[in-house]
Amino acid sequence: MIEYDFSAIEKKWQDFWVNNKIFKAEDFSDKPKYYVLDMFPYPSGSGLHVGHPEGYTATDILCRYKRMRGFNVLHPMGWDAFGLPAEQYAIETGTHPKITTEKNISTFKKQIQALGFSYDWDREINTTDEKYYKWTQWIFIQLYNKGLAYIDEVAVNWCPALGTVLANEEVIDGKSERGGHPVIRKPMKQWMLKITAYAERLLSDLEDLDWSEGIKEMQRNWIGKSTGAEVDFKVDGHDAEITVYTTRPDTLFGATYMVLSPEHKLVERITTPAQSAAIDAYRREAALKSDLDRTELNTEKTGVFTGAYAINPVNGKKIPIWIADYVLASYGTGAIMAVPSHDTRDFEFATKFDIPVICIIDPNAKDAAAENINVADVLAGKACWTGNGKMINSANEAGLDINGMEVTQSKAATIKWLEERGIGKGAVNYKLRDWLFSRQRYWGEPFPVIHMEDGSIRLVDEKDLPLTLPEMKEFKPSGTGESPLANAGEWLDYVDPETGMKGRRETNTMPQWAGSCWYYLRYIDPDNNSQAFDLEKEKYWMPVDLYVGGAEHAVLHLLYSRFWHKVLYDLGIVSTKEPFQRLVNQGMILGISYKDSRGALVPNDLVKHTPEGPVHMQTGEKLEEFPAKMSKSLKNVVNPDDVISEYGADSMRLYEMFMGPLEATKPWNTKGVEGVFRFLRRAWRMVAESEISDRKMDAEELRTLHATMKKVTEDLETMGFNTAISQLMVFVNEFSKCETLPREAAEKFVIMLSPFAPHIGEELWRILGKDDTIAYEPWPEFNEEFLKVDEVEILIQLVGKPKTRMMMPSDIDQKGMENLALANDEVKAAIAGKTVRKIICVPGRLVNIVAN
RNA sequence: GCCUGGAUGGCGGAAUCGGCAGACGCAACGGACUUAAAAUCCGUUGUCCGUAAGGACGUGAGGGUUCAAGUCCCUCUCCAGGUACCA
């Protein structure tokens, strides 16, 4: 008999799968299709961490299960390989990003293959491959032709000292992350994508998706739809109007001032000479601050009076116009009417600058009490009330009277009045902004764009794609804020072959999101050189049936790719409105960390384990164990390679799934790997090192087998991997007690184990005398018949408390249960002298006797 | 602040429709095997009281509904993720 030698077994079957293309997905098969997608990784230099294989293992188990269920499964993998780290490494070492990327991909691929995932490697894609980004560029051209791509002056984080533009996350407290140099806002010409044109569809189509409510809610918040009205205010003494957006048109009578964002285009025109110096100073200061700074310093409201007044259209009153950076240029119209009595921000501002507060809503007394707000204070303008109530002081002589109305009603009435007079209209607004689509980097897709001498923009002809990145030796920033491509020499030059007009190529590149926006479509037809993908194949495979990945992509990646997908849908080249039908986010895996009594973190290499618990190696102080994000500084990072070499890939996979529910955050505990490893060894011994017999199973064995088939099947359908594994453990615990193992039980168990631990599954299948792969064996069907028992243990409760247990026939009716229970000696003794009020019988479970 | 999750033994977690809380695994303890150890196997293990039989308590806290609540309702606390002057 052979020992369980995981390293030999795993190598053997991984080679077998790859060499025989066991997991090749077939286009247009008669079988039902099932498309399972993993979020493809950025192949970083540090290799795989234990978080990656969590989602990958879950999808792999499901794919293997679905194949056994007769599905034609598409399960591909690829590389999201453009990105900053390779470029930074290039700046430091001169190594071309292409070389770094290739090296990292090969490490990642080796690590992923060592886990035995059943990917169809013939469909591997790489976003930095010019055969791939040719089509990313092609999609950009389609976006441009549809009017969804435009150039705009947008402020970027410009760091003069580094001579480069920084991403938001590279700026900390207004300083560059590296070096701590000052960062300022500098307007630059940038490509924008008009995602806002799709805001409504991105919102409403969420409805039919099988995603967790949490993720849908995050997307809804990000899109941020609000309904209200736009209202025009005349400026006193000027031939000008200011349009404001408000969600509370009903509060117009309470508007006592108006605020423009510092960037508002009317500010210069309306500012009075006396105020202009102060206004200029304030605007200059605001321009230097990033949006982030503006919101971080949100403690004190600031602002300056322009000297001008607006006319409140409902009552003709003159109200002062201020500028303040709490009003953002990018939302709504960049101007607000301020109602300090019923908006907390306006109230703070008005209090600070002594602006009148006029109450126009009499608060609902109960609501006010619940929030500890004094109604008299609100009515006197000394407190702010944002809740419900009845309108007061809200009528004019021009036919608007909303006094006494509740909020919704008064809103509608006001909008109607404004619309009739042409001074306002109902309006909808979204927080969602257009997508800043250019980066000042080398390592990204070049835009297929030429800026011509005469100022026009020309797109590269589709037949001339891909526009490849030029070979360069230096990847340093250009120093002007442009991408390193500004130094690309001849590559930049373009001459129109017919007119001879000169042009210069776009030097921006696309962001990392671009390649990941449509990769799921390329897997469908990865080698197509005449189309992004074949339309018939797309119809066959789409949509993605299950998409699994980390929650960190909940908003941006998923929103951006949904947007591109809808554009492609409108172009008629994809057949579904949405790309990802079902989405599951795997939880984070935490490492074990330690802290001392003061709560200070202690790196794991300074911790000594004693029988009394962990202590500090140097001070001997007792430490407390707790889960924390894996990080280099805490030295609590678990490397999958180490786990695999010690316990094998099957144990690694099994443990990742056994830890807890896929979507939960859970701490890694290497002792737990040992536990599942022991289970696999027990399973090995049970099948490979004990006698397999053709004897008939007894009723109890049949029940265990069929209960296991039922539980594992149902748990796979709901992705309850941890409980499926525990049932397989129960099976092994039961059948290990048998002298000989019935052949049927052995075979069905090995089939059920194989999606979770495929290497040992294949090997045990061989040992059971089979000579084909187990990957396409039909999944075993359980039979409810065998789950039946003649007698069940019924709990007898007395007034809801467990009293005793007794056996009863399993098909007994409620009356029979009652009779048997009352005939029980213990029950008789317990209810002696008491009156039975009520008896509740739950078949198969319990009898509850209410007596006193 | 707001939105979304969550809180169950020493630890990770389990518990269809409200129906025996703690499956399965880890750790710990006891035993068998062994010269010994490892490995393996068998057993114990929610807490408290009790020699025992047995009893009381127990799913973040408090209240409620019910014959019966981890599960349903109300109030609160804490933790995680997201978001942040969005008018």
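Computed from heavy atoms alone, side chains included, the values below leave out hydrogens, waters and symmetry copies. Note on naming: letters A, B, ... go to the chains in the order of the sequence lines (proteins, then strands), and numbering restarts at 1 for each one. These figures come from a predicted structure and were not determined experimentally.
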message: Which heavy atom of A/Ala335 sits nearest to which heavy atom of A/Ile242, and what is that distance?
response: CB-CG2, 3.7 Å
Could you list the protein-to-nucleotides 44-49 of chain B atom pairs, N/O on both sides, closer than 3.5 Å?
none

Work out how far the [atom1] atom of [N] is from that of [M], and round it to whole angstrom.
N      : M      : atom1 : answer
B/rA21 : B/rG58 : P     : 12 Å
B/rG13 : B/rA68 : C1'   : 26 Å
B/rC17 : B/rU66 : C1'   : 15 Å
B/rG6  : B/rA15 : P     : 14 Å

Rounded off to whole Å, could you give me the [atom1]-to-[atom2] distance for the [X] and [N] pair?
X        : N      : atom1 : atom2 : result
A/Lys666 : B/rA7  : NZ    : P     : 14 Å
A/Phe679 : B/rG13 : CZ    : P     : 20 Å
A/Glu3   : B/rU40 : CD    : C1'   : 11 Å

query: Which residue lies toward the 5' end of RNA chain B, A/Tyr245 or A/Tyr655, if each is placed at its nearest nucleotide?
result: A/Tyr655
- request: Please figure out whether A/Arg681 or A/Lys838 has its closest RNA chain B nucleotide nearer the 5' end.
  value: A/Arg681
message: Just confirming the chi classification of B/rC20, syn or anti, using 90° around 0 as the syn window.
response: anti
task: Could you classify B/rG70 for me, syn or anti, using a glycosidic angle within 90° of 0 as syn?
output: anti
task: Ignoring hydrogens and angles, answer whether the base of B/rC3 and the side-chain atoms of A/Arg220 contain a donor-acceptor pair closer than 3.5 Å.
output: no
query: Would you call the rings of A/Phe731 and A/Phe749 parallel, tilted or perpendicular if under 30° counts as parallel and over 60° as perpendicular?
result: parallel
Proximal nucleotide (of [options]) relative to the [X] side chain:
X        : options                : result
A/Glu217 : B/rA87, B/rA14, B/rU4  : B/rU4
A/Lys801 : B/rC67, B/rC57, B/rG81 : B/rC57
A/Thr246 : B/rA87, B/rC85, B/rU40 : B/rA87
A/Arg845 : B/rC20, B/rG55, B/rC85 : B/rC20
A/Val327 : B/rG19, B/rA87, B/rG13 : B/rA87
A/Pro667 : B/rG12, B/rC3, B/rG19  : B/rG12
A/Arg805 : B/rC20, B/rU83, B/rC67 : B/rC20

message: Within this structure, what is the OG1-CE distance for the pair A/Thr256 and A/Met337, rounded to the nearest 0.5 Å?
response: 10.5 Å
- prompt: What nucleic acid atoms does A/Arg837 come within less than 4.0 Å of, heavy atoms only: base, sugar-phosphate, or nothing?
  reply: nothing
If only side-chain N and O atoms count, and only distance matters, is there a donor-acceptor pair under 3.5 Å linking [Y] with [X]?
X        : Y        : value
A/Tyr4   : A/Glu689 : no
A/Thr414 : A/Asp250 : no
A/Arg433 : A/Ser330 : yes

- line: Nucleotide by nucleotide, nucleotides 21-33 of chain B touches protein heavy atoms under 4.0 Å in the pattern (B base, S sugar-phosphate only, - none) --BBSSS------
message: Below the 4.0 Å mark, does B/rA87 have OP1 or OP2 next to a side-chain nitrogen or oxygen of A/Ser226?
response: yes
query: Between A/Tyr245 and A/Ser226, is a side chain to side chain donor-acceptor pair (under 3.5 Å) present by the stated rule, with each step listed?
result: CA-CA 10 Å; A/Tyr245 173 73; A/Ser226 75; 2.7 Å; yes
field: Neighbour count >12 (heavy atoms, 6.0 Å) for atom NZ, A/Lys803
entry: no
message: Centroid separation under 6.0 Å, is that true for the rings of A/Phe6 and A/Tyr647?
response: no
- request: For this output row, return yes or no: ring centroids of A/Phe349 and A/Tyr257 closer than 6.0 angstrom.
  value: yes
